[in-house]
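All remarks here apply to the structure that follows.
Please read all numbers here as calculations on a predicted model, not as lab measurements. A note on names: the letters A, B, ... follow the listed sequences, proteins ahead of strands, and every chain is numbered from 1.
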Number of protein chains: 2
Amino acid sequence: MSFDPATLVYDERGLIPCIAQAEGSGEVLMMAWMNIESVNKTLETRRVTYWSRSRQAFWVKGETSGHTQELVDLRVDCDRDCLLAVVRQEGPACHTNRRSCFYTSVTEGTEVEIMAPME
Amino acid sequence: MSFDPATLVYDERGLIPCIAQAEGSGEVLMMAWMNIESVNKTLETRRVTYWSRSRQAFWVKGETSGHTQELVDLRVDCDRDCLLAVVRQEGPACHTNRRSCFYTSVTEGTEVEIMAPME
């Protein structure tokens with residue numbers, strides 16, 4: 001069946017969450033949002049392109065930092081309201097320079113940092 | 001630092017997205033929503049407990065199906081507006097009986113099913 005981004009389920013802002021996962025390691029790197037145009041751009045360019053809610057603009061991941069995400073595979077969930085992008089991540093995915101944004105673990109009621117910033 | 005679920009960033013509905021990832025394989029199983037009480041319940045019971053937007057009720061994953069998610073680790077992202085639950089998944093995570101909800105790949109403009117339902 002041919003894929004039509006219009007068949008995805010967007011929220012009232014016209015956005016759908018997209019989880020980025022590293023190819024190979026399977027590490028969950030980050031979650032950000034896409035609108036229909038960023039889904040199209042991501043598929044066309046193979047550069048993962050989110051929609052920045054704060055800037056209200058396209059966010060070509062790594063465009064300024066160089067920490068790009070090359071799309072390996074885009075997956076749709078059963079409810080069509082969430083995307084999973086398997087990516088080739090260049091350097092850190094997080095703006096804190098950590099590989100993943102999920103570097104804080106809740107362990108026995110305490111927040112523990114489980115990942116250091118990359119060099 | 002002690003973890004306080006009230007310091008997480010919830011949307012206008014009082015919800016935060018939570019990604020479930022399988023321990024070991026790293027497979028991304030599903031994404032669903034939590035409110036502050038379901039975050040508390042998940043940490044207290046170690047049974048992943050979402051908030052069902054359609055039913056407007058707690059959704060103890062696997063309560064009826066037996067396909068439970070035992071919490072291994074709960075992680076918070078850098079913006080504190082997304083959670084990652086590393087889980088021990090019993091059987092399929094998806095209501096279609098597939099291991100993961102992300103069983104559809106967009107490949108060369110076509111939707112391809114990459115995962116069969118479990119026995």
Given side chains that start at C-beta, do those of [X] and [Y] come closer than 4.5 Å, heavy atoms only?
X: A:Ser2; Y: B:Glu111; answer: no
X: A:Asp77; Y: B:Met31; answer: no
X: A:Cys82; Y: B:Phe102; answer: yes
X: B:Asp79; Y: A:His95; answer: yes
X: A:Cys78; Y: B:Cys101; answer: yes

Given that the side chain runs from C-beta out, which part of [X] has a heavy atom under 4.5 Å from chain B: side chain, backbone, both or neither?
X: A:Thr107; result: side chain
X: A:Leu84; result: both
X: A:Arg80; result: side chain
X: A:Glu12; result: side chain

Transitive ILVMFWY side-chain link [X] to [Y], under 4.5 Å:
X: A:Trp59; Y: A:Leu74; result: yes
X: B:Trp51; Y: B:Leu43; result: no
X: A:Val76; Y: A:Tyr10; result: yes

Review point. Should A:Arg53 and B:Asp81 count as an ion pair when the cut-off is N to O under 4.0 Å?
Key: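 Yes, this pair counts.
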
With a cut-off of 6.0 Å (strictly less than), are more than 12 heavy atoms of other residues, nucleotides or ligands near [atom1] of [X]?
X: A:Glu37; atom1: CD; value: yes
X: A:Arg47; atom1: CZ; value: no
X: A:Glu113; atom1: CD; value: yes

Practice item. Side chain from CB out, backbone as N, CA, C, O: work out which of these in B:Ile114 comes under 4.5 Å of a heavy atom of chain A, or both, or neither. Key: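 Contact with chain A involves the side chain of B:Ile114 alone.
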
Review point. Is a donor on one side and an acceptor on the other found under 3.5 Å between the side chain of A:Gln21 and the backbone of B:Gly26?
Key: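 At least one qualifying donor-acceptor pair exists.
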
Exercise for review: Could you tell me which of A:Val28, A:Val86, A:Thr96 has the largest number of non-hydrogen atom pairs under 4.5 Å with chain B?
Suggested key: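 Of the candidates given, the most pairs with chain B belong to A:Val28.
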
Check your understanding: B:Val106 and A:Arg75: side chain to side chain contact (heavy atoms under 4.5 Å, CB included), yes or no, with the steps?
Key -> CA-CA 6 Å; B:Val106 178; A:Arg75 296 183 192 154; over 6 Å; no

